[in-house]
Chemist: 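One structure, as structure tokens, below. Some questions next.
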Amino acid sequence: MKLLQHLAVVLAAVVTALGADPPLPGWAFTNTMNGLSLKQPSKLSEASTMDSPTPRFSRLKHIKGPVNPASGLSLATRQVRAATEDTHPQNITAVGGFSTQYAIECTWDGLPVSLLFDTGSSDTWAITEDFECVGSLGNVVDQADCKFGSQFVNDFAHGEIEGTHFSLQYGSGEEVWGPMGYSDLSCGGLSVSKQQVGLANHTYWRGGNKVTVGILGMAYPSITSAFYGDLGDEASWNSKTYSPFLTTAIGQGTMEPLFSVAIMKNSSDGILAWGGLPPIPYNRCKNASADLLIANLIGEDDTASRSSFYTIVPDGMRWGSTTDEAKYPYIVDTGTTMMHLPPPLTEAIVRAFDPPATYMYQYGLYFVDCKSIPPLLAVIIAGVEFYIDSGDLVYHDIVDPMTGYCAVGFTNGGAGPYILGDVFLQNVVAVFDVGGAEMRFYERK
Ligand SMILES: *[C@@H]1O[C@H](CO)[C@@H](O)[C@H](O)[C@H]1NC(C)=O
Ligand SMILES: *[C@@H]1O[C@H](CO)[C@@H](O)[C@H](O)[C@H]1NC(C)=O
Ligand SMILES: *[C@@H]1O[C@H](CO)[C@@H](O)[C@H](O)[C@H]1NC(C)=O
Ligand SMILES: *[C@@H]1O[C@H](CO)[C@@H](O)[C@H](O)[C@H]1NC(C)=O
């Protein structure tokens, strides 16, 4: 039985990989994205041409803490770990320190809860009062060790779904499972009735921050993790795809099929807006759109481990007077603080700092004289240059005690995946037009 299950999973992975093959427009390179397959999702509607501010928005509260378990960074560090096990051991712990978690306030059947906002996973769940917190060896430990917030959700207002459970593992190894049912969920003025959700009664959780009690998953339905049958019977043939929060909201027809995100510079808090743009100043005329691609993990031997990322292929990068038009896919990820760039670009851009930045193995990051002048750096999307404020390229609060140098806002992404993290998202309004299968960007003022 186990062998058959494995075979089914491997076949599914091969089919996914083959299905991802059609050439993508404007993207002709031979590198794969290091364990990820790229797909163009189908359009549900024409891309919106009238982005306007919406009154429905939520604050995304920045939480210092461990790596968001489903962020692009979790995936990247895992790939690095796999690829460089004994050659160049990057300091994963140190890199992990520079990830970001965002909490969003929602109500769950009327109860206020704080959830981790996550664009890399699809399931929405919260912990129940008597949940089992387990350690790395599967041993039951004190609930406090999982470091969740203190609000529990104990049942589903619209009932449990018999014979169905959710079970998932995140990029960083955390796992969670429990029953599923229907609840009313409302976040930032967007209400969804009878949403299929999970209540976690068992979890191995290192991503705790003592604030959030679960996850609001914003990715596509293809990676939802509901299964028929008993716990432990998870396999691709008994998985049961369902409509996650965002898809249900779109289906209930109460908003344009998109959401947008802007990360604030100072506080690192963010704003999430439903169906339009957040009410912040932006330059309407400096905008660009790019095909929305979905990067899925491939070759996973465990169906319960799924991640999927909103990804684009920019035209290239510009720094100083140099333009590089090599095409690489980049995950657009609020859960990753820095940008993770391809090695040749990283090397060239760090040399363009005056004085240049140097790599510090012990952190897996670049550091530079805190007074160094960064090059003017832009990500080029559909011919439009989106400049990154030079103040965002040197972290004055991440200082190496030995040299007194400051960390640089991007790092070497190795063989991938490459990531446009918060450093980029602090300079734009990013529109995830899920309906139109497009991403749009506006320059911030
Ligand atoms: C957790 O939920 C699963 C799935 O519904 C169920 O089989 C299991 O008995 C529950 N465990 C506890 C400790 O409640
Ligand atoms: C950012 O915060 C610092 C210190 O908290 C403050 O001095 C500075 O004025 C703030 N900058 C902006 C643009 O709000
Ligand atoms: C994007 O910019 C172009 C050129 O400046 C402008 O004509 C267009 O109206 C802008 N699009 C939106 C949706 O604002
Ligand atoms: C990793 O980084 C941490 C924190 O900067 C440091 O204490 C540790 O010694 C580093 N480990 C290695 C193997 O370089």
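By convention here, the first residue in the shown sequence is residue 1. For ligands, and for the atoms within them, numbers begin at 1 and follow the listed sequence.
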Chemist: Which residue from Val384, Asn287, Asp51 reaches closest to atom 6 (C) of ligand 3 through any of its heavy atoms?
Modeler: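 Nearest option to atom 6 (C) of ligand 3, by heavy atoms: Asn287.
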
Chemist: Could you tabulate the donor-acceptor pairs under 3.5 Å formed by side-chain atoms of residues 384-391, not counting sequence neighbours?
Modeler:
unit_1 : atom_1 : unit_2 : atom_2 : d
Glu385 : OE1    : Tyr387 : OH     : 2.9
Asp389 : OD1    : Gly391 : N      : 3.2

Chemist: Any idea which protein heavy atom is nearest atom 13 (C) of ligand 3, and the distance to it?
Modeler: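 For atom 13 (C) of ligand 3, the nearest protein heavy atom comes out as Tyr442 OH, 3.3 Å.
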
Chemist: Atom 5 (O) of ligand 3: which protein heavy atom is closest, and how many Å away?
Modeler: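 The closest one turns out to be Cys285 O, 2.9 Å.
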
Chemist: Quick check for you: to the nearest 0.5 Å, what is the distance between Tyr442 atom OH and Ile280 atom CD1?
Modeler: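 Rounded to the nearest 0.5 Å, the OH-CD1 separation comes to 12.5 Å.
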
Chemist: Does any pair with a residue in residues 132-142 pass side-chain hydrogen bond (donor to acceptor under 3.5 Å, both in side chains), and if so which ones, sequence neighbours excluded?
Modeler: Glu132-His202

Chemist: So if I count the atoms of ligand 3 from 1 in the order they appear, which ones are less than 4.0 Å from some heavy atom of Arg284?
Modeler: 1 (C), 2 (O), 10 (C), 12 (C), 13 (C), 14 (O)

Chemist: Determine whether Thr124 and Trp108 make a side-chain contact, defined as any pair of heavy atoms from C-beta on separated by less than 4.5 Å.
Modeler: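 Contact flag for Thr124/Trp108 side chains = yes.
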
Chemist: Within a distance of under 4.0 Å, is there any protein heavy atom near atom 11 (N) of ligand 3?
Modeler: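 For atom 11 (N) of ligand 3 the answer is yes, since some protein heavy atom falls inside 4.0 Å.
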
Chemist: Students should be able to answer this: which protein heavy-atom is nearest to atom 7 (O) of ligand 1, and at what distance?
Modeler: Leu231 CD1, 4.0 Å

Chemist: Which heavy atom in Arg206 sits nearest to a heavy atom in Tyr204, and how many Å separate them?
Modeler: CD-OH, 3.2 Å

Chemist: For Tyr242 together with Phe166, are the ring centres under 6.0 Å from each other?
Modeler: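 No; Tyr242 has its ring centre 6.0 Å or more from that of Phe166.
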
Chemist: Is there a nitrogen or oxygen of Asn201 sitting under 3.5 Å from a nitrogen or oxygen of ligand 1?
Modeler: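 Yes.
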
